[in-house]
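Structure first, commentary second.
Bear in mind that the values here come from a model prediction, so they are computed numbers and not experimental data.
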Amino acid sequence: MIKIYHNPRCSKSREGFSLLENSGKDFEVIKYLDEPVSEAKLKEIISLLGIKPIDLVRKGEAIWKSDFKTKELTDDEVIEAMTKHPKLIERPIVINGKKAVIGRPPSIILDII
């Protein structure tokens, strides 16, 4: 089952959602701001994406700039920050089996569906 970690207030996330809707394939929507993502699940997502945790952080968010930007954080500390402050998680994330992408640009989602 295809999954999208979605924030309806984000234009890129909405574009990614539309791509999935238009694909005609079944998919599950996870509104990660409403349904918190556990540290274990976040580690799994990061592994599927093949990136470092810091690469999943939205560094332009005010909470990042005020609380984390100037600190040296371990990977686990970055994951903990995203778990406590889910708006720090880049979006949309689309997972299809063992493949995952950050939908920026949204068209990259088509590569895995």
Side-chain angles (χ1 to χ4, degrees):
M1 167 75 71
I2 299 169
K3 295 180 183 183
I4 181 170
Y5 287 80
H6 179 54
N7 176 354
R9 293 177 34 187
C10 170
S11 63
K12 298 292 185 206
S13 198
R14 288 192 308 269
E15 287 179 46
F17 180 87
S18 289
L19 283 172
L20 288 175
E21 270 192 325
N22 293 335
S23 76
K25 298 184 180 189
D26 290 334
F27 63 97
E28 177 184 357
V29 178
I30 300 160
K31 293 182 181 176
Y32 66 93
L33 295 178
D34 300 333
E35 304 169 32
V37 180
S38 69
E39 287 186 28
K41 178 54 80 175
L42 207 47
K43 286 179 181 181
E44 180 185 322
I45 291 168
I46 290 165
S47 176
L48 286 172
L49 288 167
I51 61 175
K52 298 194 84 35
I54 194 68
D55 296 328
L56 191 57
V57 172
R58 294 177 54 82
K59 296 169 196 77
E61 291 290 340
I63 189 76
W64 180 260
K65 291 177 182 178
S66 66
D67 292 9
F68 303 104
K69 183 178 179 180
T70 60
K71 297 179 180 176
E72 290 287 325
L73 301 173
T74 66
D75 286 351
D76 284 341
E77 289 170 330
V78 171
I79 290 168
E80 183 180 339
M82 287 188 285
T83 302
K84 287 183 179 174
H85 308 282
K87 67 179 169 181
L88 290 175
I89 301 171
E90 191 62 82
R91 69 243 179 185
I93 300 167
V94 176
I95 299 173
N96 188 4
K98 297 288 183 193
K99 300 178 204 168
V101 295
I102 300 169
R104 291 189 169 264
S107 60
I108 198 167
I109 293 167
L110 298 174
D111 294 344
I112 67 164
I113 64 170

Taking all non-hydrogen atoms of both residues into account, name the closest pair between [X] and [Y] and its distance.
X      : Y      : value
Lys12  : Gly103 : CB-O, 4.4 Å
Ala100 : Leu48  : CB-CB, 3.8 Å
Phe17  : His6   : CB-CE1, 3.8 Å
Val37  : Leu42  : CG1-N, 3.8 Å
Arg58  : Lys87  : CD-O, 3.4 Å
Pro106 : Glu15  : CG-OE1, 3.4 Å

[Y] reachable from [X] in the ILVMFWY side-chain graph, under 4.5 Å edges:
X     : Y     : result
Ile4  : Leu49 : no
Val94 : Ile45 : no
Ile93 : Trp64 : yes
Ile30 : Phe27 : no

* Quick one: do Ile89 and Leu56 satisfy side-chain contact (heavy atoms from CB on, under 4.5 Å)? Show the steps, please. => CA-CA 6 Å; Ile89 301 171; Leu56 191 57; 4.2 Å; yes
Report the distance from atom [atom1] of [X] to atom [atom2] of [Y], rounding to the nearest 0.5 Å.
X     : Y     : atom1 : atom2 : answer
Arg91 : Leu33 : CZ    : CG    : 7.0 Å
Asp75 : Lys52 : CG    : NZ    : 4.5 Å
Met82 : Ile63 : CE    : CD1   : 14.0 Å
Ile2  : Lys25 : CD1   : NZ    : 5.5 Å
Glu61 : His85 : CD    : NE2   : 11.5 Å

* Asked: Counting only heavy atoms not in Lys59, do more than 12 fall under 6.0 Å of its NZ?
  ->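 Check passes, neighbour count above 12.
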* Would you indicate whether Asp111, at its atom CG, is surrounded by more than 12 heavy atoms from other residues, nucleotides or ligands within a distance under 6.0 Å? =>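 Correct, the count exceeds 12.
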* To do: Output, in order, the C-alpha distance, side-chain angles, deciding distance and verdict of side-chain contact (heavy atoms from CB on, under 4.5 Å) for Ile46 and Ile51.
  => CA-CA 6 Å; Ile46 290 165; Ile51 61 175; 4.3 Å; yes
* To do: Quick one: do Val78 and Phe68 satisfy side-chain contact (heavy atoms from CB on, under 4.5 Å)? Show the steps, please.
  => CA-CA 9 Å; Val78 171; Phe68 303 104; over 6 Å; no
* To do: Any chance you could lay out the salt bridge (Lys or Arg N to Asp or Glu O under 4.0 Å) test for Glu39 and Lys43, step after step, and finish with the verdict?
  => CA-CA 6 Å; Glu39 287 186 28; Lys43 286 179 181 181; 5.1 Å; no
* Test side-chain contact (heavy atoms from CB on, under 4.5 Å) on Tyr5 and Ile95 and set out the steps. => CA-CA 8 Å; Tyr5 287 80; Ile95 299 173; 3.8 Å; yes
* Pro92 and its side-chain contact (heavy atoms from CB on, under 4.5 Å) partner, picked from Leu20, Ile102, Ile109 ->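 Checked Leu20, Ile102, Ile109 against Pro92; only one passes side-chain contact (heavy atoms from CB on, under 4.5 Å): Ile109.
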